[in-house]
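Following: one structure in structure tokens, then a few remarks.
Everything numeric in this text was worked out from a predicted model, so none of it was measured. Naming: A, B, ... by sequence-line order, numbering from 1 per chain.
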2 protein chains.
Amino acid sequence: MQFSKSTGNALHALIHLAHSDRGQHVGIKELSSSLGVSDSYLSKIMSKLRQDGIVRASTGASGGYELARPADRISFLDVIQVIEGRQQLYECLNANAHHHPLAEAAEWSEEEESGHPESKDCLVKKVMNGAELQMQSYLRAHTIQWVLDHASPGSIRGGNGE
Amino acid sequence: MQFSKSTGNALHALIHLAHSDRGQHVGIKELSSSLGVSDSYLSKIMSKLRQDGIVRASTGASGGYELARPADRISFLDVIQVIEGRQQLYECLNANAHHHPLAEAAEWSEEEESGHPESKDCLVKKVMNGAELQMQSYLRAHTIQWVLDHASPGSIRGGNGE
DNA sequence: CCTTTATGGATGTATAATGTCCATAATAAA
DNA sequence: TTTATTATGGACATTATACATCCATAAAGG
């Protein structure tokens with residue numbers, strides 16, 4: 001289980017955009033050469049980010065990409081969910097058909113009396129989902145802007161750094 | 001990014017063992033039919049768990065598997081690391097060769113003055129690792145015994161439930 | 001000895017991730 | 001309006017990984 005390389009490249013591309021963000025557009029060639037990947041490959045990633053409203057794209061000369069909203073409103077979780085998909089980290093195996101009875105969650109258990117739909121989930125899934133939520137809350141709290149704020153001062157300058 | 005089905009099956013198999021755990025051995029056939037998977041497939045999983053000291057195995061008639069230690073000392077994290085491997089959720093892409101300078105962590109930053117080796121990691125990796133640690137601490141705190149303790153009372157009985 | 005059981009190698013298949021190429025559309029600049 | 005520039009999306013090829021099975025072997029109990 002690992003994050004895909006595409007997710008890493010998406011994050012680095014967004015950091016690049018956030019750095020250049022003066023309402024300017026950055027072309028795929030600048031982005032891809034900066035990351036050391038092919039432009040045909042990176043353009044797939046950027047296209048996903050655009051479909052999800054993370055970036056805007058414009059065609060034509062002096063076109064390219066820009067962030068669709070401020071960098072402090074683009075979280076790591078946003079980016080990961082676009083690239084990796086929104087499926088949960090763990091899904092029950094056989095529609096509960098073959099779980100050991102001990103793994104079945106008690107439907108009356110304390111936290112679940114409010115009638116949440118996950119009451120029927122097996123306890124394995126309950127733990128896995130809890131773990132995922134822990135991770136997601138951390139990823140939601142860290143934004144592209146966070147990276148800029150914590151970058152080494154030597155790296156902060158007007159032009160692009162390559 | 002998802003946990004493999006093997007991880008889910010490993011967890012369910014261990015829950016089954018924990019339930020039957022009176023120093024008894026449970027054969028691969030009972031386990032695999034309980035989970036609804038083939039025994040040849042599940043035996044690979046059990047073999048990994050044995051190599052990592054999660055379960056013990058014995059051959060011969062009336063042989064089979066048993067937990068190698070109490071269920072409250074087998075965490076979800078233990079099992080996941082055996083089946084999924086111990087690689088980190090995120091690895092830097094190109095040995096730092098192509099990161100945007102802004103993504104480089106400041107080596108002198110506050111939390112890192114103590115000289116931790118991760119000082120050189122890029123900030124993307126730092127966030128991803130932080131997220132992973134959040135998830136791991138949750139998974140470390142939840143054990144096979146936790147599942148038994150939270151199971152519906154109707155499921156708790158002497159024999160196997162299938 | 002013979003049955004039962006786990007083990008590990010070899011192998012096959014399915015699915016997903018990675019990466020490239022090309023035709024097309026849209027736009028700004030000349 | 002033409003032309004150069006740029007993003008887009010389909011099709012495709014290439015791995016890598018997960019999933020799954022079969023079989024020969026070894027170990028232990030009856």
Checklist entry - For A/S40, which contact category applies under a 4.0 Å heavy-atom criterion: base, sugar-phosphate, or nothing? => result base
Item to check | Which atom of A/A10 lies closest to which atom of A/L49, heavy atoms considered | outcome: CB-CD1, 4.2 Å
Checklist outcome for this item: Separation of C/dT5 atom C1' from B/R56 atom CZ, nearest Å, is 17 Å
Next on the checklist: Taking the minimum atom-to-atom distance to the side chain of A/K44, which one of C/dT20, D/dC22, C/dT7 wins?
Outcome noted: C/dT20
Checklist entry - Considering heavy-atom distances to DNA chain D, does A/G64 or B/T59 have its closest nucleotide positioned more toward the 5' end? => result A/G64
Item to check | No-hydrogen, no-angle side-chain donor-acceptor test under 3.5 Å, A/S75 and A/D78 | outcome: yes
Checklist outcome for this item: On DNA chain D, more 5' by nearest nucleotide between B/A61 and B/E84 is B/E84
Checklist entry - With respect to the side chain of B/S6, which nucleotide from D/dT21, D/dC19, C/dT18 is positioned closest? => result D/dC19
Next on the checklist: Nearest whole Å is fine: how far is D/dT5 C1' from A/K29 NZ?
Outcome noted: 8 Å
Next on the checklist: Rounding to an integer number of Å, can you tell me how far A/H25 NE2 sits from D/dA7 C1'?
Outcome noted: 12 Å
Next on the checklist: Quick check on D/dT21: is either OP1 or OP2 less than 4.0 Å from any side-chain nitrogen or oxygen of B/S38?
Outcome noted: yes
Next on the checklist: Please determine whether a side-chain nitrogen or oxygen atom of B/R50 lies at a distance below 4.0 Å from atom OP1 or OP2 of C/dA6.
Outcome noted: no
Checklist outcome for this item: Rounding to 0.5 Å, atoms CG (B/N9) and OH (B/Y41) come to a distance of 4.5 Å
Item to check | Nearest-angstrom distance from the residue atom CD1 of B/I83 to P of D/dT17 | outcome: 17 Å
Checklist entry - Rounded to whole angstrom units, what separation is found between the CE atom of A/M1 and the P atom of D/dT17? => result 15 Å
Item to check | B/I28 CD1 - D/dA28 C1' separation (whole Å) | outcome: 17 Å
Item to check | Between P of D/dA7 and CD1 of A/I54, the distance in whole Å | outcome: 18 Å
Item to check | Pair A/S58, A/Y65: side-chain N/O donor-acceptor within cut-off below 3.5 Å | outcome: no
Item to check | Touch class at under 4.0 angstrom, heavy-atom based, for A/Q2 against every strand present | outcome: nothing
Checklist entry - Out of C/dT20, D/dG9, D/dT8, which has the shortest distance to the side chain of A/Y41? => result C/dT20
Next on the checklist: Using OP1 and OP2 only, check whether a side-chain N or O of B/Q51 sits under 4.0 Å from C/dT7.
Outcome noted: no
Checklist entry - Between C/dC22 atom P and A/D39 atom CG, what is the distance in whole Å? => result 13 Å
Checklist entry - Quick one: which of D/dC19, C/dA28, C/dT18 gets closest to the side chain of A/S4? => result C/dT18
Checklist entry - CD/A/Q136 to CD/B/Q134 distance, rounded to the nearest 0.5 angstrom? => result 12.5 Å
Checklist entry - Starting at the 5' end of DNA chain C, which residue's closest nucleotide do you reach first, B/S43 or A/Q87? => result B/S43
